[in-house]
Amino acid sequence: MMRGGATTFDLATGLSKAVISASKRKGRQCLWGSQVEETLHRLGWRQCLTPSLVANVIDPFLLKHHSLALGFFNWASQHPGFAHTPFTYHSLLKSLSHNNHFTAIHSLLKQAKALNFSIHPSLLSSIIASHVAHNRAREAFSLLGSVAPLCAEIGEPTCNSLLAALASDGCLENACQLFEGMTDRGIGFSTLGFGVFIWRVCGEGDLERVVRLLDEVKECGSGINGSVVAVLIVHGLCRASKVSEALWMLDDLRSRGWKPDFMAYWVVAAGFRSMGNVADEVKVLKMKRKLGVAPRSSDYRDLILGLVTERRMCEAKEVGEVIVGGNFPVDDDVLNTLIGSVSSVDPIAAIMFFNFMVEKERFPTILAVSDLSRNLCRHGKVDELLEVFHVLNSQNYFKDVEGFNVMISFLCRAGKVREGYTVLQEMKKKGFQPNVLSYNYIMEACCKEDLLRPARKLWDEMFSNGCCGNLKTYNILIRKFSEVGQAEEAQMLFYHMLDKGVEPDVTTYNFLLEGLCQEDKLEAAFELYNKSLKHDIINAREILSSFTSSLCRKGHLMAASKLLCSLNPDTGCAESHIILLKSLSDAQEIPISIEHLKWVQEKSPLILRDICIALLDSLSSATCPEPMLQFLQRIQNVFHLPYFEGYV
């Protein structure tokens with residue numbers, strides 16, 4: 001390996017490639033393990049380790065591989081004389097913040113603080129934003145509190161996002177503390193940040209507090225759209241049954257120059273109407289015509305899209321309900337966003353937006369329909385799903401194969417297989433040729449409902465219509481045949497797909513091997529696994545753990561041990577051996593365990609270490625640890641392994 005004269009970046013490029021390449025031996029996911037350490041040791045990388053090199057390997061090369069970034073960081077720590085710097089901490093924190101590993105992030109921040117390493121405000125801002133995006137507003141506030149002097153440098157957008165999140169989550173005390181901190185440090189407020197905050201404060205019904213907040217925000221409120229926030233204020237007060245106070249608030253807001261628009265007056269009028277107070281409702285509507293200003297749809301568009309981006313779906317829904325309830329103008333892209341996003345938390349409200357759109361002879365995008373359908377299925381709203389498709393179909397909405405496939409896929413997901421097949425026939429009548437996706441959706445649903453005979457007929461129909469199956473098609477049927485004890489049928493399909501030039505994947509082999517093991521056809525199973533090994537060694541390594549589990553579940557422990565010992569040590573990984581040894585422990589098969597561990601100790605000492613650590617972990621997490629403890633004690637009596645000292 002060339003090292004002399006190479007730049008840090010060149011070294012980082014080579015080292016990161018070695019790490020990623022070695023990690024793939026554990027499967028398709030890039031995970032740190034003994035094989036990575038073994039590779040780095042063999043290539044002699046420790047000789048050129050510096051903090052700068054470690055930082056440059058992690059950022060940018062391992063940013064998306066948090067396991068590798070953390071493993072590499074810890075591996076470097078073990079090198080004699082190596083000491084991490086603020087730069088190495090920055091690089092790892094950046095990787096972890098990209099992958100949302102909050103426990104590790106908090107641990108690293110504590111370590112950095114103990115070492116008196118400062119963290120750049122931009123990175124802290126990214127970490128806080130990541131917490132907010134994953135509903136961890138309290139933790140984000142705690143992090144911000146630990147670096148309060150840097151609040152201004154962390155930035156206005158992050159602070160406003162956190163303010164809105166705290167208020168939305170009901171953490172009003174924390175939100176008020178953040179609000180005070182922002183005003184003290186002159187951090188500007190946004191319409192969304194301050195709007196959601198004061199909206200939820202209004203929900204408490206304390207008018208004096210609301211007025212005080214409006215007074216305080218005056219100096220930092222240049223970024224606030226007064227008309228939009230006026231709607232949120234009166235809406236919050238009306239929801240708290242403070243409708244008269246909301247009416248008073250309209251005058252106060254107007255005197256402040258916040259220009260309540262027609263929507264604000266409509267909200268208060270609707271509040272009086274819900275109370276049966278017709279006189280005050282009429283009074284407010286007259287004020288609306290005389291004093292209100294026309295709402296700008298672009299302002300509310302920005303608010304709703306911003307709320308959805310910040311994952312404040314409930315707030316987006318409530319603003320949308322005001323717009324729809326008052327029949328105010330709204331753009332199609334906003335309604336599409338409301339239909340698709342709000343359906344994740346309130347599918348019935350999303351259907352209201354859908355109906356509002358359709359009644360105006362405007363129609364949602366296929367993406368919005370897909371999101372709505374997915375969430376209706378998730379919430380078990382099958383009747384509503386059928387009604388949505390009925391409405392759209394009656395308007396001749398579906399005009400291509402892609403659209404029909406959306407309908408078929410979600411009907412099948414909802415368990416409406418017959419209806420899905422009816423749509424397939426309807427496609428043909430309208431001159432559309434179903435594609436392999438169309439057939440796969442119905443075939444998968446048939447198999448899920450144990451309708452194997454209809455699935456076979458659909459298979460024949462598909463080929464007779466000139467539509468060849470793809471990998472998904474074969475995997476659907478191979479899985480079902482394997483599950484119902486028809487391994488021979490599954491094998492026939494496997495060879496059929498090879499004849500058709502369709503490459504099997506890990507899933508194909510896993511289903512087949514499970515089926516063969518269930519029927520005790522071990523010779524055929526070993527032959528199939530050897531085929532996978534010759535075809536793609538990377539896939540074969542991933543298949544091995546599943547194959548070992550299948551053998552162990554059927555009690556073929558000796559066969560599993562022979563399989564693992566017959567392979568090149570580079571082919572296996574600790575996981576397969578751990579699966580086998582846990583099964584041997586459960587069966588108290590000590591002689592087989594001893595012979596197997598002797599082989600591992602001789603062929604791959606690093607894998608032995610990973611196995612021992614995993615077995616100790618299973619001991620600590622077991623509800624009944626005694627059998628595993630006895631097993632490990634008997635193993636230790638033979639091997640005297642350093643990993644078990646002090647534990648067994």
**Message:** Determine whether a donor-acceptor pair (N or O, by modelled atom type, separation under 3.5 Å) exists between the side chain of Ser585 and the backbone of Leu581.
**Reply:** no
**Message:** Do Asn375 and Arg378 pair up side chain to side chain, a donor and an acceptor below 3.5 Å, judged on atom types alone?
**Reply:** yes
**Ring-ring centroid check Phe61 Phe9, cutoff 6.0 Å** = yes
**Request:** Check whether any side-chain heavy atom of Leu424 sits under 4.5 Å from a side-chain heavy atom of Tyr439, and report yes or no.
**Result:** yes
**Request:** Indicate whether any N or O donor in one side chain lies under 3.5 Å from an N or O acceptor in the other, for His577 and His596.
**Result:** yes
**Item:** Salt bridge present between Glu527 and Lys531 (N-O < 4.0 angstrom)
**Value:** no
**Message:** Between Asp371 and Arg374, does any side-chain N to carboxylate O distance fall below 4.0 Å?
**Reply:** yes
**Steps toward side-chain contact (heavy atoms from CB on, under 4.5 Å) verdict (Leu452, Gln486)** = CA-CA 11 Å; Leu452 196 51; Gln486 296 184 29; 4.0 Å; yes
**Item:** side-chain contact (heavy atoms from CB on, under 4.5 Å) between His106 and Leu143, intermediate numbers included
**Value:** CA-CA 9 Å; His106 293 173; Leu143 278 176; 4.2 Å; yes
**Prompt:** Can you name the side-chain contact (heavy atoms from CB on, under 4.5 Å) partners of Lys562, sequence neighbours left out?
**Reply:** Met558
**Message:** I'd like to know whether the aromatic ring centres of Phe494 and Tyr509 sit less than 6.0 Å apart in this structure.
**Reply:** yes
**Message:** Side chains of Val57 and Leu11, heavy atoms from C-beta outward: is any pair under 4.5 Å?
**Reply:** no
**is_close_aromatic(Phe117, His90), centroid dist under 6.0 Å** = no
**Verdict with supporting geometry, Glu444 and Lys448, salt bridge (charged side-chain N to carboxylate O under 4.0 Å, His left out)** = CA-CA 6 Å; Glu444 189 167 29; Lys448 190 176 179 181; over 6 Å; no
**Sequence-distant partners of Leu608, side-chain contact (heavy atoms from CB on, under 4.5 Å), two or more places apart** = Leu597, Val600, Gln601, Cys612, Leu641
**Message:** Do Ser583 and Asp586 pair up side chain to side chain, a donor and an acceptor below 3.5 Å, judged on atom types alone?
**Reply:** no
**Request:** Evaluate side-chain contact (heavy atoms from CB on, under 4.5 Å) for Thr88 paired with Leu92, printing each intermediate quantity in order.
**Result:** CA-CA 6 Å; Thr88 57; Leu92 181 56; over 6 Å; no
**Item:** Qualifying residue for side chain to side chain contact (heavy atoms under 4.5 Å, CB included) with Lys472, from Leu437, Asn440, Val436, Asp505
**Value:** Asn440
**Complete:** So ring pair (Phe, Tyr, Trp, His ring centres under 6.0 Å) across residues 542-562, not counting sequence neighbours, yields Phe526-Phe547, Tyr529-Phe547
**Request:** Compute whether any side-chain donor of one residue and acceptor of the other, for Thr473 and Asn470, lie under 3.5 angstrom apart.
**Result:** yes
**Message:** Using side-chain heavy atoms (C-beta onward) and a distance below 4.5 Å, is Gln636 in contact with Leu632?
**Reply:** no
**Prompt:** Around atom CG of Asp499, are there more than 12 heavy atoms of other residues, nucleotides or ligands at under 6.0 Å?
**Reply:** yes
**Prompt:** Going by atom types alone, do Asn435 and Asn405 pair a side-chain donor with an acceptor below 3.5 Å?
**Reply:** yes
**Request:** For the residue pair Leu96 and Ile127, establish whether any side-chain heavy-atom pair is separated by less than 4.5 Å.
**Result:** no
